[in-house]
Each structure stands twice: as C-alpha cells, then as structure tokens.
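For the single chain, residues carry numbers from 1 onward in sequence order. Every value quoted in this text rests on a predicted model; they were computed, and no experiment measured them.
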Amino acid sequence: MIVQKYGGTSVGTAARIRRVSRRIAATVRRGEQVVVVVSAMGHTTDRMIALAQSVNPEPPARELDMLVANGETITAPLVAMCLEGMGVAAISLSGLQAGVRTSAQHSRARIQDINPGRILEALREGKVPVVAGFQGVTERLEITTLGRGGSDTTAVALAAALKADSCEIYTDVDGIFTADPKVVRNARKLTYIRYDEMLELAAVGARVMHPRAVEIGELYGVPIHVRSSFHDGVGTMIVAQVPMEERQRVRGIAQETNVAKITVLGVADRPGVAAAIFEPLGKAGISVDVIVQNIGRSGHTDLTFSVAESDLKAAVKLVKAAIKDVGARSVSSAGGIAKLSIVGTGMLGTPGIAGRMFRALADAGINIEMISTSEIRITCLVARDQVEKGVRILHKTFELEKS
Ligand code: ASP
Ligand code: MG
C-alpha cells in the first residue's frame, strides 16, 4: 500500500489535476493499493488568508481554520471525480471522514490519532480514497488545520496509521538537494537522506517538507519518497539509515534569510534574568533561535539572540518591557542577517569540520556574527547579502558537487 500526497502546485489547475489523476490511475492499474492525500490548489490558502485579513486584520483562529480548511476540501472531490471519469473508482474524504482527530490548537493542531475506518472500507470496495490533507477535527468536531504545509503531515500520519509500505510526496522539485539549486548551479539531488538530517535541514531553512511529517516518519518508520509530479524520475528517499556508500560528512547546506538579532547589554548576571526575558517571547509564540550569552563581568552580562525578522518588532517590544523589571543598560536590534548551516550525521566523530567551515568563510571575507551547533549541524549567522556566496563556497569546500 502506498500513500501518495500531491502538493498545491501539482494540483494547481484542471490540467494538472488530470495529470495527477493519470499517475494515480497508473499506480492502481499496476495492482497497488493507493491512498491519496491532496493539498489546496496553487495559492488558494494564501488567498483565503489574505481575504480573511481584509475583513479582520486579526481573524479569530477558529474562524480562520473553518475558512482555510476549504482549500483541501475543494481539491479532494475534483481529483476523485477526475479519477471516476478515467474509469477508476474513487471517493473523496474530508479530514473528519478520514478519521483525523487532532488537538484543539487552531492553525497548529497536532494529530492525536487516526481512525481509518472509512479509508479501509473504501479500499475494500476497490475505491481510491482521496483525502483532504491539512485538516482534522477535535473531539468536539471543531475543524482544525495542522499549520502551513501540513498536508505532508496528514500523508505521513496516514501512512503510519495504515502501516503503508511507503509515503510518496509529490512536489514541484525533483527531491532534496545538497543546496538550493537556485543558489548553487551544480547542487546535486540526494538519493537518500536520513530523517534526522532532513529535520535539521528543514529547521534551518530547507523548505521541501513539513518538519512534523519527517518527525512522524522517523517515529513510525515510514519511508518517505520526495519526488516530482512532473516526470517519472526517482526523487530522494528519507530513511533511517543511508546505505554505506552514500555516507558523506556534510550532506547538505541550507540558508534562511528571514533573520534578525536582538542584543541586551548590561543585564544583571543572576538566576532568573534570562527566563524573565525569554518567557514573554515564548508566550507570544515567537521562537528564539541562536542565543549567545557572554561570560559575566562585574555582575553583568550581555545577551544576543536571533528571531525571525518578521517577529522583530513584536520581540523588541516584549524585551524592552521585560528589562524594566530585571534591569539592563540597553536593547538594540538589527535585521538584514541570515543563517548559513551545514548538516550531516557524518559530522559526529569527524574532527575539523567546524574549522574548515570557518576558514572557508574567512577566506571569502564573510564575517561570522554568531554560531550555534547541534550534534549534526553547524549554523553561522552572517550578513544577508553574503549568504548566497557563503552557500556556494561551503558547497565547494565540502565537495558536495561530487557523488
Ligand atoms: N494548503 C496548506 C498550505 O498551503 C497545506 C499544504 O499545502 O500542505 O499551507
Ligand atoms: Mg503546500
């Protein structure tokens, strides 16, 4: 059994829906059991959000979910009727009908469990279930959505619940690349990537897959095949273990340009100060990323951290309010920076990777403003206008163009 998920671009027009349906039909005719998950057509979701904001700049989250869930509700029956027209029995199912039960946090609900009774019934009747992705319902039958890009999560969660053999994510790119092909001309498509590497890459700017889908894939051992819906070529398999020959110290490079930093100078160096500054940000749903705290001197210290530039204004306001209580000399902020990251499980136990990265950036005259690491990732904050150059240099330094 295969779960096939088709993203917004792949179902963006009637012609594309017909093409996708032909692919589904071909899979069915090969004798496979197929469950389909679809996204909203093209930019439908963006348009609905803009429409909502034009009648209320801060639409209530429940109502916004009631609205945007409709994008997927439109695609599913269109694909099902297209399949029927091709002589393939099919039935569209909403999130509710597909048994997707979620938590109650609107616009970022989490799937709690899936009761795939209707899907299994359809399969028994020889029909292709076409499920609206992105949406679910709470216990009280409130409509929820899973966060932008959430259809991926629906697909992988369904594959886990149905114990499908694999989950295919059809998209408008050929797979996962060693770097953004728009930035690095000789970026290479990876045949395999590990779940943990994909998660790290997604967290620092690679936008091909919804990170929570990768998390679920890892947790339930669902192999995920990211591939193009525009041709038959294979894409990238996201798996637990990459075959030995595929190992490389650094697997990929990612950049993220929506970054700004906030510096708090002269805060008291005592317990509770960092908590007082960061708790309000957390409550406001603002993620803080790279955090650097200097060694305290004469009872004071400096704190610098990064946030998304789109959150900068709100974040500065909260930090200024917080330091009224804890005391600090000044708060300053700056946008225009970017994150540049290298990721790879092979970095574990390979000394010298950080040194090579910093040397390559230094030789290119790129200044590093902040650094953060995980076991399998090194991230540098650099000036935004230098990040693409940095990506190209690191791609070369770590010989990623070679297979
Ligand atoms: N339609 C939703 C979005 O645009 C979900 C998805 O495409 O996966 O974010
Ligand atoms: Mg999408």
Side-chain angles (χ1 to χ4, degrees), residues 173-208 211 236 242 244-261 263 289-294 304-309 334-403:
V173 294
D174 288 351
I176 312 297
F177 282 74
T178 50
D180 182 347
K182 283 189 220 95
V183 175
V184 182
R185 223 177 339 105
N186 59 354
R188 194 168 46 82
K189 190 182 75 197
L190 294 162
T191 315
Y192 294 94
I193 190 167
R194 288 172 47 134
Y195 295 112
D196 51 358
E197 292 170 327
M198 190 64 234
L199 272 173
E200 290 274 6
L201 278 174
V204 291
R207 304 221 187 281
V208 183
T236 303
V242 163
M244 195 108 58
E245 315 89 84
E246 290 281 334
R247 289 217 183 156
Q248 216 157 7
R249 286 167 190 161
V250 174
R251 309 265 314 150
I253 298 173
Q255 80 275 16
E256 160 75 64
T257 50
N258 175 22
V259 186
K261 66 176 175 184
T263 302
D289 203 12
V290 181
I291 304 175
V292 178
Q293 181 183 328
N294 288 347
T304 305
F305 57 93
S306 69
V307 295
E309 188 159 331
I337 52 184
K339 271 189 281 187
L340 173 54
S341 308
I342 60 175
V343 170
T345 33
M347 286 164 52
L348 269 169
T350 312
I353 301 253
R356 268 171 80 194
M357 178 180 191
F358 303 155
R359 166 57 57 205
L361 294 177
D363 287 348
I366 297 175
N367 186 42
I368 301 169
E369 298 193 25
M370 283 193 262
I371 301 169
S372 94
T373 63
S374 80
E375 282 180 324
I376 63 165
R377 173 183 54 79
I378 304 174
T379 297
C380 294
L381 264 65
V382 302
R384 188 175 300 161
D385 55 7
Q386 292 194 302
V387 71
E388 295 200 349
K389 180 172 153 199
V391 171
R392 283 190 286 269
I393 281 156
L394 295 177
H395 198 263
K396 200 151 181 209
T397 301
F398 292 104
E399 301 182 331
L400 291 178
E401 74 275 10
K402 294 188 194 141
S403 52

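Closest non-hydrogen pair, Ala206 versus Ala254, comes out as N-CB, 4.1 Å. Closest of all the heavy-atom pairs between Asn186 and Glu401 is ND2-CB, 3.5 Å. Among all heavy-atom pairs drawn from Ala364 and Ile393, the shortest one is CB-CD1, 3.2 Å. Minimum interatomic distance between Thr397 and Arg356 (heavy atoms only, all atoms of both residues): O-NH2, 2.9 Å. Across all their heavy atoms, Ala187 and Pro181 have their closest contact at CB-CA, 4.1 Å. Arg194 and Val242 make their closest contact through CG-CG2, 3.5 Å (heavy atoms, listed as atom of the first residue, atom of the second, distance).
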| message | Between Val250 and Leu400, does the side chain to side chain contact (heavy atoms under 4.5 Å, CB included) criterion hold? Intermediate values first, please. | response | CA-CA 8 Å; Val250 174; Leu400 291 178; 4.2 Å; yes
Apply side chain to side chain contact (heavy atoms under 4.5 Å, CB included) to Asp289 and Val307, showing your working.
CA-CA 6 Å; Asp289 203 12; Val307 295; over 6 Å; no
* To do: Begin with the C-alpha distance, continue with both residues' side-chain angles, and end with the deciding distance and a verdict on side chain to side chain contact (heavy atoms under 4.5 Å, CB included) for Leu381 and Val290.
  => CA-CA 9 Å; Leu381 264 65; Val290 181; 3.6 Å; yes
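Side-chain atoms of Thr379 never come within 3.5 Å of backbone atoms of Ser341 as a donor-acceptor pair (strictly under, hydrogens ignored). A donor-acceptor pair under 3.5 Å is absent between the side-chain atoms of Arg249 and the main chain of Thr350, judged by distance alone.
Here the side chains of Ile342 and Phe398 are in contact, with some heavy-atom distance below 4.5 Å. Between Ile378 and Ile353, the closest side-chain pair of non-hydrogen atoms falls below 4.5 Å. Inter-residue side-chain proximity for Val173 and Val208 is flagged as met; some heavy-atom pair is nearer than 4.5 Å. At least one side-chain heavy atom of Leu340 sits less than 4.5 Å from a side-chain heavy atom of Leu361. Within the 4.5 Å cutoff, the side chain of Met198 has heavy atoms near those of the Ile193 side chain. The shortest side-chain heavy-atom distance between Ile176 and Lys189 does not fall under the 4.5 Å cut-off. Between Ile376 and Asp196, the closest side-chain pair of non-hydrogen atoms falls below 4.5 Å. In this structure the side chain of Thr178 reaches within 4.5 angstrom of the side chain of Leu190, judged on heavy atoms.
For the atom pair CD (Glu197) and CZ (Arg377), the distance works out to 13.0 Å, reported to the nearest 0.5 Å. Note that CD of Glu309 is 12.0 Å distant from NZ of Lys261, once rounded to the nearest 0.5 Å. Here the SG atom belonging to Cys380 is positioned 3.5 Å from the CE atom belonging to Met357, to the nearest 0.5 angstrom. One distance of note links CD of Gln255 with CZ of Arg384; it measures 12.0 Å at 0.5 Å rounding. Expressed to the nearest 0.5 Å, how far CD1 of Ile253 lies from CG of Leu201 amounts to 9.5 Å. Taking NE2 from His395 and CZ from Phe177, the interatomic distance works out to 10.0 Å, rounded to the nearest 0.5 Å.
Contact check on Arg207 versus Glu256 returns a salt bridge, with a Lys/Arg side-chain nitrogen under 4.0 Å from an Asp/Glu carboxylate oxygen.
A donor-acceptor contact closer than 3.5 angstrom links the side chains of Ser374 and Glu200.
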